[in-house]
Every structure is written in C-alpha cells, then in structure tokens.
Amino acid sequence: MTQDTISLALAELRDLLGDRLSTGQSVREIHGRDEAYSTPALPDGVAFPESTAEVSAIMKICSAHKIPVVPFGIGTSLEGHVIPIHGGISIDTSRMNKVLEIHESDLDAVVQPGVTRTQLNDNLRATGLMFTVDPGADATLGGMASTRASGTNTVRYGTMRENVLALEVVLPDGRVINTGSRARKSSAGYDLTHLFVGSEGTLGIITELTVRLFGRPDTELSATCAFETIDDAVNTVIMAIQMGLPMARIELLDDVQMKGMNIFNPDLNLPEKPHLFLEFHGSEAGVKEQVDLFESVAEEFGVSGFGWATKLEDRERLWQARHNAYYAGKSLRKGCEGVVTDCCVPISALADCIARTKELIADSGLIAPIVGHVGDGNYHLLILIDPGNADEMARAKQLASDVNRAALSFGGTVTGEHGVGTGKKKYMAEEHGEAYQLMAQLKQSIDPLNIMNPGKLVSVN
C-alpha cells in the first residue's frame, strides 16, 4: 500500500461521502486507540457512513485499492481490536444508529450497528421488554456482536451468541448478505450468523442486527454478601448453579477489589472481604423462593453481611458501582494505568484457577484486583502499573500470560468476553490447535485480499 494508492482511495471516498470522510489529526487519533493498554496507530482516514449502501460502496473502493479497513463502534474494546495497525480506513458506524423495528409479540428487534445497548432499552421502555446483554460500557450492538460480548446478565440470559438471531453483513468485496432470520430456530445450511458473531471485523462489517428480547420480570431484587475467603464465595456459586438456582446476576469481587470499591464509592461502605453481588428475577413468590434457597446455600459457606436492594435507585446504584469496577480498581494506586485481561474456565475448576491466579499475582509483586462473572466461570484482572515503568509493564504482561495459560491448563479459554484482537492472538494456536488453521482458511476464503481488520484474531499468508 503506497501513499499514492491511499491518496487515490481517499479521493474516491471523499467524492462518495463529502465531509463525512475525515483525515483530521484529532479524529484519526480517536480512532487509533481503544480502552486497552495498547500502542495506538492512526488510520489514514475515517469514514462515517449512514447506510448499508454507503458501507458497500466504501468496501468496493477499498477492495479495488487493497486498502485495509477497520470497523469502529464506540472504541470500548479491550484487546486492541479497533486499532488500525496497518493504517487504512476506519469505518465508524455511529451514524447508523436507528432502531428499525420492534416486534413485541415475537420478542425481537431489528437495529443498525451504531445503536447502543442503553439506547435500545430506552426505546423498549414502554413495551415491557428488555435487551439483556450488558458488557458494562455503553457499547454499540455492532461492536458487541463483533466481539461476542457478554456481561453481568449472562448467567441467566446468555451472551451475544445466544441473543443475535440474524445479521446483515457487507463483505470485503462490497457484497451485502443476510444471515439467519427472525425464526427462533433453523436447520437450513451453515450457521453463518454465528460465524460473524465474534469475528471481530475480520470477515465483514455488520450493518444490521436482529436481536432477542426478554420480558421485564415482575420482581427484581439485588443483594451483596461477604465471605471470609474466595473459595467460600466461589463454592457458594458452584453449589447454587448445580442446584439449578436461576440467578440473574452473580458477580465476584475479591478483597482487593472491594478496597477499591470503597475508595471510589464511599457510600458503599462494605467489608473489605470477598463479595458476591447478586440479582434475582421472577415473580414475587419465585424471587422469595430463590432468595431463601440461596441464603441456605451461602450459610453453609459462612456467609455474612447480606445487604438487600429492593428499590430501583438502590439496585441501579449497586450495579453502576459494579460496572465502574475498572475505575474503582485504579483508585488503589494513584496515577496508575491498568493492564486488563480475562479468562474463563469450567465452573468446577473456578476455585482452583482463581487460587492459582492469586499465587501468580503475589509472585509478580503487583496489585491486581479480581472481578468475575463467576456464574459463567469468567473472571478479570486489572493489573495496576506505573505507565513509565518498563519493568512493571513487563511483569504485568508476564502475569497476564501466566493467568491465561493457567486457564488453559484447567480446560478453559484465554478470553471469556474481551475477545482476541492483537492482545490474545498469540495464544490462539495453543488453545485451538488445528482448528486455528481452519479459521485462517475461512478468513482467506472470505477475505482473500486480507483487508478486513488485518493482523487481528487470525493470520493469513
């Protein structure tokens, strides 16, 4: 890709988009980074399409000139997914932000990729329905589908994998395809919808999604409870799940994270011990039964300090505090930056894997609070470092690597929800073996010019 080639492509894109193609430094800088502690890289231009037809036209121009393309939602990814490491064009879908259809009877909605999860739920408020996937950040649904996002509700309602029914996708050569349908099941051919869910923009650009909705429960009840050890908290979760208790949310925060929570949210004033943050959904009688059963399980493991939140404002305050765990963790060390990693293991291995992780943290000499969607066996580390200290950065990267490999040794995966991007790519062959080569063959078949988010997730020759 030469500068002349870039100039020709930019000229054609400007003819198509006018001032919705930006080459300004500040706009390029915004699209040259995400929330990860990754080295930024600027695109040569940023396109702001407003329709599928425009995305298709952009892709035809970029394909003709072999220009790399990186889809961009809102920039909240955590493994360098949206960083244009080879330059090219960043396609920002934020202006494609319409809720197109809501089918109340069928419990689904059709949206453009720039719609955020809170925007969709605001549109659903009068219907009594809700979209349940909540990765914490107010991410776009296109980005959430691309990274196969999940969040605190996953244990009850599933990840984006379970909640995307159909897609419209623009392929690297500009063709527009539709995958799936609004039917709840199908046996018709390859499951292309779920090929693109989690593909991280390496196969095409999602321009429309049909997503699953759920009815809002009659009763919602949230709670916090403390334990003396992480093992006790995790074993409570394991037993509750094995008993079939239908938890809506069940989150673990270790003692280090709870210290940060109290610093960042002084009104919480919770014991600096391992905690579970819980939520129960259902009828009034059903929630009472769930609560009674959970309390009986937790008592077997020495639970203390149950705190209940029944009012909407109290529940929202509790879960906002949980969603701000990243900033709470950073409050443990003034001026620090965070190296973030996640992994996921079978529920039965969760206690042992977290125990091993605690040992690795201690060996590193670093501060690294743990939070986790433990109902899924998924947990996260925020490794705190001095951004100017090369030794700490090296130790943080080694700790992240050791934790990921520990997860593999327990039969797990190196990422439960953050995705691969550039940060986790080095573990893919180790996790997938020969199947990783098949991923490369699929990529090469769909994107033979290797222009879709090149250098991420999978490598091709």
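We use all heavy atoms of the structure for the numbers below, so side chains are in, but hydrogens, waters and symmetry mates are not. Fair warning: this is a prediction, and the values are worked out from it, not measured in the lab.
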Does Pro43 offer a backbone N or O that forms a donor-acceptor pair with the side chain of Arg28 under 3.5 Å?
-> yes
Thr52 backbone acceptor or donor facing Ser56 side chain under 3.5 Å | no
Can you check whether Asn378's main-chain N or O pairs, donor with acceptor, with Asp376's side chain at less than 3.5 Å?
-> no
Candidate pair Met452 and Met59, rule side-chain contact (heavy atoms from CB on, under 4.5 Å), full reasoning | CA-CA 10 Å; Met452 290 303 312; Met59 289 310 309; 3.5 Å; yes
From Ile250 CD1 over to Thr154 OG1, what is the distance, rounded to the nearest 0.5 angstrom?
-> 13.0 Å
Any donor-acceptor pair under 3.5 Å from Asp447 side chain to Lys443 backbone = no
Could you go step by step and tell me if Ser222 and Glu279 meet the side chain to side chain donor-acceptor pair (under 3.5 Å) rule?
-> CA-CA 4 Å; Ser222 299; Glu279 190 160 277; 2.5 Å; yes
Indicate yes or no: at least one non-hydrogen side-chain atom of Tyr326 is less than 4.5 angstrom from one of Phe264.
-> no
Sorted by chain and number, sequence neighbours left out, ring-ring contact (aromatic ring centres under 6.0 Å, His included) with Phe48 holds for His31
With the side chain counted from C-beta on, respond yes when Leu384 and Leu332 share a heavy-atom pair under 4.5 Å apart, and no when they do not.
-> yes
Which of parallel (below 30°), tilted (30 to 60°) and perpendicular (above 60°) describes His275 and Phe277?
-> perpendicular
How far does CG of Leu253 sit from OG1 of Thr224, to the nearest 0.5 angstrom?
-> 10.0 Å
Donor-acceptor side-chain pairing of Tyr427 and His432 below 3.5 angstrom = no
Judged by atom type as modelled, is there a donor-acceptor pair below 3.5 Å linking the side chain of Asp218 to the main-chain atoms of Gly282?
-> no
May I have the step-by-step check of side chain to side chain donor-acceptor pair (under 3.5 Å) for Thr159 and Ser150, ending in yes or no?
-> CA-CA 4 Å; Thr159 71; Ser150 51; over 6 Å; no
Take Trp319 and Thr152 through the side chain to side chain donor-acceptor pair (under 3.5 Å) test and state the conclusion after the steps.
-> CA-CA 9 Å; Trp319 292 108; Thr152 60; over 6 Å; no
May I ask you to say whether Lys60 pairs ionically with Asp173, meaning some side-chain N is under 4.0 Å from a carboxylate O?
-> no
Here the salt bridge (charged side-chain N to carboxylate O under 4.0 Å, His left out) pairs for residues 137-164, sequence neighbours left out, are none
Tightest non-hydrogen contact, residues Ala407 and Cys343, listed as CB-CB, 3.6 Å
With a 4.5 Å limit on heavy-atom distance, are the side chains of Arg249 and Asp134 in contact?
-> yes
Please test Thr207 against Glu168 for side chain to side chain donor-acceptor pair (under 3.5 Å), starting from the C-alpha separation and ending with a verdict.
-> CA-CA 6 Å; Thr207 51; Glu168 179 185 78; 2.8 Å; yes
Please examine the side chains of Glu392 and Leu366, heavy atoms only from C-beta on, and report whether any two atoms are closer than 4.5 Å.
-> yes
Nearest heavy-atom approach of Leu381 to Thr357 is CD1-CG2, 3.7 Å
Gln119 side chain to Asn97 main-chain N or O, any donor-acceptor pair under 3.5 Å?
-> yes
Specify the closest pair of heavy atoms between Ala41 and Ile85, including all atoms of both residues, with the distance to one decimal.
-> CB-CA, 4.0 Å
Would you call Asp122 and Arg125 a salt bridge, using N to O less than 4.0 angstrom?
-> yes
Check: Glu29 main-chain N/O paired with Arg33 side-chain donor or acceptor under 3.5 Å = yes
Go through the steps for Tyr379 and Cys353 under the test side-chain contact (heavy atoms from CB on, under 4.5 Å), then give the verdict.
-> CA-CA 10 Å; Tyr379 64 95; Cys353 196; 3.2 Å; yes
For Asn453 against His81, the heavy-atom pair lying closest together | ND2-O, 3.1 Å
Are any of the side-chain nitrogens in Lys358 or Asp255 under 4.0 Å away from the carboxylate oxygens of its partner?
-> yes
Salt-bridge criterion met for Asp342 and Lys424 (N-O under 4.0 Å) | yes
For the side chain of Thr93 and the backbone of Met96, is there at least one donor-acceptor N/O pair under 3.5 Å apart?
-> no
Sidechain-backbone polar pair: Ser331 side chain, Ala328 backbone, donor-acceptor under 3.5 Å | yes
Test item: Met160 and Thr147 side chains (from C-beta on) under 4.5 Å apart, heavy atoms = no
Mark yes or no for whether Asp254, through its side chain, and Pro274, through its backbone, hold a donor-acceptor pair below 3.5 Å.
-> no
Could Arg317 and Asp267 be called an ion pair, given the rule that one side-chain N must be under 4.0 Å from one carboxylate O?
-> yes
Please report the closest heavy-atom contact between Val111 and Leu141, naming both atoms and the distance.
-> CG2-CD2, 3.8 Å
Across all chains, not counting sequence neighbours, the side chain to side chain donor-acceptor pair (under 3.5 Å) partners of Lys273 are Glu228
Just wondering, do Ile89 and Leu13 contact through their side chains at under 4.5 Å, heavy atoms?
-> yes
Thinking salt bridges, do Glu272 and Lys259 make one under a 4.0 Å N-O criterion?
-> no
Are Lys456 and Glu200 close enough for a salt bridge, meaning some N to O gap below 4.0 Å?
-> no
Check: Thr341 and Thr415 side chains under 4.5 Å, non-hydrogen atoms | no
So Leu442 and Leu195, side-chain contact (heavy atoms from CB on, under 4.5 Å) or not? Walk me through it.
-> CA-CA 10 Å; Leu442 288 167; Leu195 174 63; 4.2 Å; yes
Thr76 side chain to Glu35 side chain, donor-acceptor N/O pair below 3.5 angstrom = no
Separation between CD1 of Ile383 and CD of Glu337, rounded to the nearest 0.5 Å = 13.5 Å
May I ask you to test the Asn262-Leu268 pair for a side-chain heavy-atom distance under 4.5 Å?
-> yes
List the steps and the verdict of side-chain contact (heavy atoms from CB on, under 4.5 Å) for Leu167 and Glu208.
-> CA-CA 6 Å; Leu167 294 172; Glu208 192 174 290; over 6 Å; no
State whether the number of non-hydrogen atoms from other residues, nucleotides or ligands found under 6.0 Å of Lys98 atom NZ is greater than 12.
-> no
Closest non-hydrogen contact found for Phe227 with Cys225 is CE1-SG, 3.7 Å
Which residue, Val82, Ile74, Leu78, forms the side chain to side chain contact (heavy atoms under 4.5 Å, CB included) with Asp34?
-> Val82
Return yes if a side-chain donor-acceptor contact under 3.5 Å exists between Glu431 and Thr413, otherwise no.
-> yes
Describe, in one word, how the ring planes of His380 and His373 are oriented to each other, choosing from parallel (under 30°), tilted (30 to 60°) and perpendicular (over 60°).
-> perpendicular
